[in-house]
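Note that the structure is predicted; figures quoted are calculated from it, not measured. Order of listing sets the numbers, starting from 1, for every ligand and every atom in it.
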Amino acid sequence: MNHSTPSSRVDATGDFLQGLTKFRKFGKKTRVKSINGITYFANQFWTPRQRQGHRLQEVSYRGCFKPQLPAFFIERLTRPGDVVYDPFMGRGTTPVEAALKGRIPYGNDINPLSRALTEPRIHPPTLAQIEVRLAEIPWDEFVDIEHEELLAFYHPVTLSRLEGLRTWLLSRIDAGLDDPVDRWIRMVAVTRLTGHSARFFSGYTLPPNQATTLDGQRKINARKNLTPPEKDVRAILEWKSKKFLSQGAPKPDDALLLTGAAEKTLQIPDAAVTLTVTSPPFLDVVNYESDNWLRCWFLGIDPKTVNISQYRGIKEWQPFIKKTLAELARVTRPGGHVAFEVGEVKYGKIRLEEHVVAATEGLPFATLGVMIVRHEFTKTSQCWGIANNSGGTNSNRVVLLQKKG
Ligand SMILES: C[S@@+](CC[C@H](N)C(=O)[O-])C[C@H]1O[C@@H](n2cnc3c(N)ncnc32)[C@H](O)[C@@H]1O
């Protein structure tokens, strides 16, 4: 249900821009500057401290943004009952935040991994249901190891449990028995596959959002003289489920999560969306396929069948962005907004935001400005949310568009 009219959205936009100009919450004044005809608003509009995010958002994903980013726009540009969408949802930061704030979450990603990570966090089962299911799983029957190569990551007992769980969950899908509790357990397992600390299934390895290759892992083991210690798969699943659900859960009236190309989302009706908060794949900064190979293995997804868009140059990237924006123009209601985050690539040498603004030409969007959100770097911020990688992404740059109407 929508509680506002398109004309009140136009007023909200005026308020929003004024709010940006006057923003001083963290002590600094917003700097406003016009460059090449685009108005920039620079400030620390939200802080990168992990603790401010809801526990359900604590899923690692390469190139994700922090929940504070969609929260900023959802709170200011939508009302309860409005549809909030992300066509490149990744770990689902935008739809999960929308659901937590009483909005209707819509999301899409070309990788089925995204829906597997997002859907259970939007419609979580209760802890009691999860505990009953964990007790029903025949752990003691899981003794065989098929993928011996994965012993580079896991102790033999851990690997047998993990493989057994994987096969058991996949067989329940085949038998039509798969339900929200299975999907929750599968999602939690995927978030625990690899990582540094005791509460991951693997031995010491790279951070959880970036699985290394088998060879890479063998080298880490040899360099550190390590063999993976035994981990209790069931106890870790229970611990992480409790953690996820410790601050309550969303109860959205409705939700729509798709797996497909952002440029073609036929299931979304025209003018259904009030706000989109999104971040597309940037040039070749992040390789989602190689980062997620182990997660895809666990889910039974062949990453080679997933057509993840990767563009090395602006010349190929911009037409892809234009097609995506044309689709967003179709699904956005008049007066609705798109917050399009492009990060900072190649140490700021390429201003992706200018290419996004250029891609709106001929589309029914007005460019309201570009927000530059600078963060003080802390260890936590590097781990949870700001895409921080070899390409040097170190600030959020958000192009703000409004659908004309
Ligand atoms: C920068 S990430 C988005 C991360 C997300 N904002 C989050 O917080 O997790 C870009 C996402 O785009 C997805 N992707 C790549 N090409 C796509 C396409 N053509 N259509 C839809 N999704 C695509 C990737 O799988 C990846 O999850």
Side-chain angles (χ1 to χ4, degrees), residues 46 48 50 53-54 56-74 84-98 105-118 121-122 187 190-191 208-210 257-268 276-293 295-296 299 301 303-312 316-317 319-328 331 338-345 352 356 383-389 391 393 396-398:
W46 52 87
Q50 178 200 346
H54 193 282
L56 270 170
Q57 293 283 21
E58 292 182 1
V59 168
S60 283
Y61 191 86
R62 198 89 187 282
C64 65
F65 45 50
K66 292 192 62 67
Q68 288 81 358
L69 189 154
F72 187 88
F73 297 100
I74 291 169
V84 176
Y85 175 49
D86 186 346
F88 302 104
M89 68 180 165
R91 65 172 177 170
T93 319
T94 294
V96 169
E97 201 60 24
Y106 278 23
N108 172 73
D109 199 286
I110 203 144
N111 193 341
L113 166 66
S114 286
R115 193 165 163 191
L117 286 174
T118 307
R121 290 182 295 133
I122 284 181
M187 178 278 292
V190 161
T191 69
N209 55 359
Q210 203 184 342
L257 297 177
L258 306 172
T259 298
E263 313 90 282
K264 204 171 175 196
T265 52
L266 298 176
Q267 295 93 323
I268 304 181
T276 290
V277 185
T278 194
S279 154
F282 315 139
L283 303 182
D284 58 347
V285 169
V286 174
N287 188 331
Y288 300 98
E289 186 182 318
S290 58
D291 285 343
N292 290 313
W293 72 271
R295 290 175 164 192
C296 287
L299 293 171
I301 300 167
K304 295 208 167 43
T305 63
V306 183
N307 193 13
I308 289 174
S309 305
Q310 280 196 305
Y311 299 97
R312 292 203 153 257
E316 300 83 37
W317 189 76
F320 159 66
I321 294 301
K322 180 146 197 134
K323 277 193 231 154
T324 305
L325 288 173
E327 183 66 345
L328 287 177
V331 303
V338 175
F340 206 87
E341 198 263 333
V342 288
E344 184 180 286
V345 293
L352 287 183
V356 174
C383 170
W384 283 104
I386 303 168
N388 178 41
N389 46 53
T393 306
N396 296 111
R397 304 168 91 85
V398 186

* Structure fact -> Numbered in order shown, the ligand 1 atoms found under 4.0 Å of a heavy atom of Pro281 are 10 (C), 12 (O), 15 (C), 16 (N)

* Taking both backbone and side-chain atoms of Asp109, is any N or O found less than 3.5 Å from an N or O belonging to ligand 1? -> yes

* **Geometric N/O contact Phe65 with ligand 1, under 3.5 angstrom** => yes

* Within a distance under 4.0 Å of any heavy atom of Gly260, pick out the atoms of ligand 1 and give their elements. => 20 (N), 21 (C)

* If you count the atoms of ligand 1 from 1 in the order shown, which ones are under 4.0 Å from a heavy atom of Pro280? -> 1 (C)

* Close-contact set for ligand 1 against Ala261 heavy atoms, below 4.0 Å -> 20 (N)

* Look at atom 10 (C) of ligand 1 and say which protein heavy atom is nearest, naming residue and atom and giving the distance to 0.1 Å. => Tyr288 OH, 3.5 Å

* So, is Gly63 polar-close to ligand 1, with some N/O to N/O distance under 3.5 Å? -> no

* **Contacting atoms of ligand 1, where contact means under 4.0 angstrom from a heavy atom of Met89** => 5 (C), 7 (C), 9 (O)

* Which class fits the ring pair Trp46 and Phe72: parallel under 30°, tilted 30 to 60°, perpendicular over 60°? -> tilted

* **Which of the ligand 1 atoms, numbered from 1, are nearer than 4.0 Å to a heavy atom of Thr93** => 7 (C), 8 (O), 9 (O)

* **Within-shell test, Glu263 vs ligand 1, heavy atom, strictly < 4.0 Å** => yes

* Asked: Numbering the atoms of ligand 1 from 1, which are under 4.0 Å from a heavy atom of Tyr61?
  -> 9 (O), 25 (O), 26 (C), 27 (O)

* Asked: For ligand 1, is there an N or O atom under 3.5 Å from any N or O atom of Arg91?
  -> yes

* Structure fact -> Here the atoms of ligand 1 under 4.0 Å from any heavy atom belonging to Ser279 are 1 (C), 2 (S), 3 (C), 10 (C)

